[in-house]
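The structure under discussion appears below in the form of structure tokens.
Ligands are counted one by one from 1 in listed order, and the atoms in each one are counted from 1 as well. Reckoned from all heavy atoms, side chains included, excluding hydrogens, waters and symmetry mates.
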Amino acid sequence: MDSKKIFLSFPHLGGNEMHWIEEAFKESWVVPLGPNVDHFEHQLEDYLGRCRVVALSAGTAAIHLGLVMLGVGQGDEVLCQSFTFSASANPVLYQGAKPVFVDSEAGTWNMSPIALEQAIIDRFKVTGRYPKAIVVVDLYGMPAKMKELTAVAEKYGIPVLEDAAEALGSEYCKLKCGTFGRFGALSFNGNKVITTSGGGALVCPDEEAAERVKFLSTQAREAMPYYYHKVVGYNYRLSNVSAGIGCGQMEVLPERVARRRQIHGLYKELFKGVPGIVVHDNPSSDFDSNFWLTTILFDEQLGFTPEDLRQYLLAQNIESRWLWRPMNMQPVFAEAPFYGDGTAERLFGHGLCLPSGSILTDDDVVRVAEAVTTFIKTKI
Ligand SMILES: *Cc1c(COP(=O)(O)O)cnc(C)c1O
């Protein structure tokens, strides 16, 4: 095999990251917090609009603190999208609360507003209480049906936390993802649209909430000359060195998002006329995904599994990945109630994530599409 390996989503540096890291070293700001963290937060606020942002050590930490801020505690129930990465739901367990999973709808692959309302009504019947929060995900960058979901959430007075870890740069009705819930979580892990090598942020509605999040994420030290604590604290702030990578990455974010969308467009073009494959796309003009990952669905009748195609691509030195295995199919969440009609489970059974990183060349994308097409043709 002499062709170079094509990865799913590889870090793509802009060139200015080292400048910001050197700034940190020059001033010995090699600590959590510092000027790079402040600058990175302001860049994110300018980009997202109408919000305050607190940079944290991971997207998972952002979801955790979002739940803390919403008052989620021992014994509470939290409604979570079932079709997602486990980090959307694990923080519910950190709080001693119970996840209740809600299925997706076929248009966005995100939380079904209908299943959400059914879940809320039924949980009230079973427990006599409404769930404490709703965690909605913008999966693969595709915005969830926020208008419908928010309407249901408001009807029952339940706050929404938007897990936009995969959706930085995506827009719904011309507004940026991450800003739709009471809180929004972002991730800058190595495989996301931009990276800080590892990091995240919590998008907050106002200054007061942001100050509280900063307080909780730096060990909840009260303003006293000695260490004095009234509530549980966390060590969740982003390092000033990592934030420097983020400052450089923010300078190229619009280009990175544009390139992911271009790659998605190229796949659509290349799969035109190939029978049995559908490229997941924006369901209407309200939706403008960043296409963090381009995903395909293939016809069940073709009689192969995602693993068959994944192995075939791997033999061509191409990395691909199964769609997220729904949380209601995970042993760790075996006890959690589930509401839905099996939509996510069906998607999981006949889809695949294709290489989508902004660092890919057009030739790389053509190579992937040709390999998929060759495989499909042997099945028809
Ligand atoms: C990546 C991801 C997270 C977690 O973010 P980390 O920064 O890796 O902790 C949470 N939710 C979703 C949907 C993700 O894709």
Inset, instruction - Could you tell me whether some N/O pair between G59 and ligand 1 is separated by less than 3.5 angstrom? - result: yes

Legend entry - Sole candidate of T150, I158, V152 that passes side-chain contact (heavy atoms from CB on, under 4.5 Å) when paired with E154: T150

Inset, instruction - Measure up the Y140 and F83 rings against each other and bin them: parallel (under 30°), tilted (30 to 60°), perpendicular (over 60°). - result: perpendicular

Legend entry - Protein residue, atom and distance nearest to atom 1 (C) of ligand 1, heavy-atom basis: K192 NZ, 1.5 Å

Inset, instruction - On the 0 to 90° scale, with breaks at 30° and 60°, tag the Y234-Y236 ring pair as parallel, tilted or perpendicular. - result: parallel

Legend entry - Member of K176, R261, R260 meeting the salt bridge (Lys or Arg N to Asp or Glu O under 4.0 Å) criterion with D288: R261

Legend entry - Ligand-side contact atoms (ligand 1) for residue partner A87, heavy atom cut-off under 4.0 Å: 3 (C), 4 (C), 10 (C)

Legend entry - Which segment of A165 sits under 4.0 Å of ligand 1 when only heavy atoms are counted: side chain

Inset, instruction - Classify the angle between the aromatic ring planes of Y94 and H64 as parallel (below 30°), tilted (30 to 60°) or perpendicular (above 60°). - result: perpendicular

Inset, instruction - Could you tell me whether ligand 1 has any atom less than 4.0 Å away from a heavy atom of G200? - result: no

Inset, instruction - Would you mind checking if D299 and K379 are paired as a salt bridge, meaning a charged N to carboxylate O distance below 4.0 Å? - result: no

Inset, instruction - Show which atoms of ligand 1 fall inside a sub-4.0 Å distance from at least one heavy-atom site of S88. - result: 11 (N), 13 (C)

Legend entry - E23 vs N36, side chain to side chain donor-acceptor pair (under 3.5 Å): CA-CA, chis, key distance, verdict: CA-CA 8 Å; E23 288 296 299; N36 282 347; over 6 Å; no

Inset, instruction - Return yes or no for this condition: an N or O of W292 is under 3.5 Å from an N or O of ligand 1. - result: no

Legend entry - ligand 1 N/O within reach of T60 N/O, cut-off under 3.5 Å: yes

Inset, instruction - Measure the acute angle between the ring planes of F40 and F188, then classify it against the limits of 30° and 60° as parallel, tilted or perpendicular. - result: perpendicular

Legend entry - Contact atoms of ligand 1, heavy-atom distance to S187 under 4.0 Å: 1 (C), 5 (O), 6 (P), 7 (O), 8 (O)

Inset, instruction - Check if G199 has a non-hydrogen atom at a distance under 4.0 Å from any atom of ligand 1. - result: yes

Inset, instruction - Please state which part of D163 comes within less than 4.0 Å of ligand 1, counting heavy atoms only: side chain, backbone, both or neither. - result: side chain

Legend entry - Sub-3.5 Å N/O-N/O distance, E166 and ligand 1: yes

Inset, instruction - Measure up the H39 and W20 rings against each other and bin them: parallel (under 30°), tilted (30 to 60°), perpendicular (over 60°). - result: parallel

Inset, instruction - Answer with yes or no after comparing the ring centroid distance for F304 and F375 against a 6.0 Å cut-off, counting only values under it. - result: yes

Inset, instruction - Considering the heavy atoms of F85, write down every atom of ligand 1 situated less than 4.0 Å from one of them. - result: 2 (C), 3 (C), 14 (C)

Inset, instruction - Among all protein heavy atoms, pick out the one at the shortest distance from atom 8 (O) of ligand 1; state its residue, atom name and that distance to 0.1 Å. - result: N189 ND2, 3.1 Å

Inset, instruction - Could you list which atoms of ligand 1 come closer than 4.0 Å to a heavy atom of T84? - result: 13 (C)

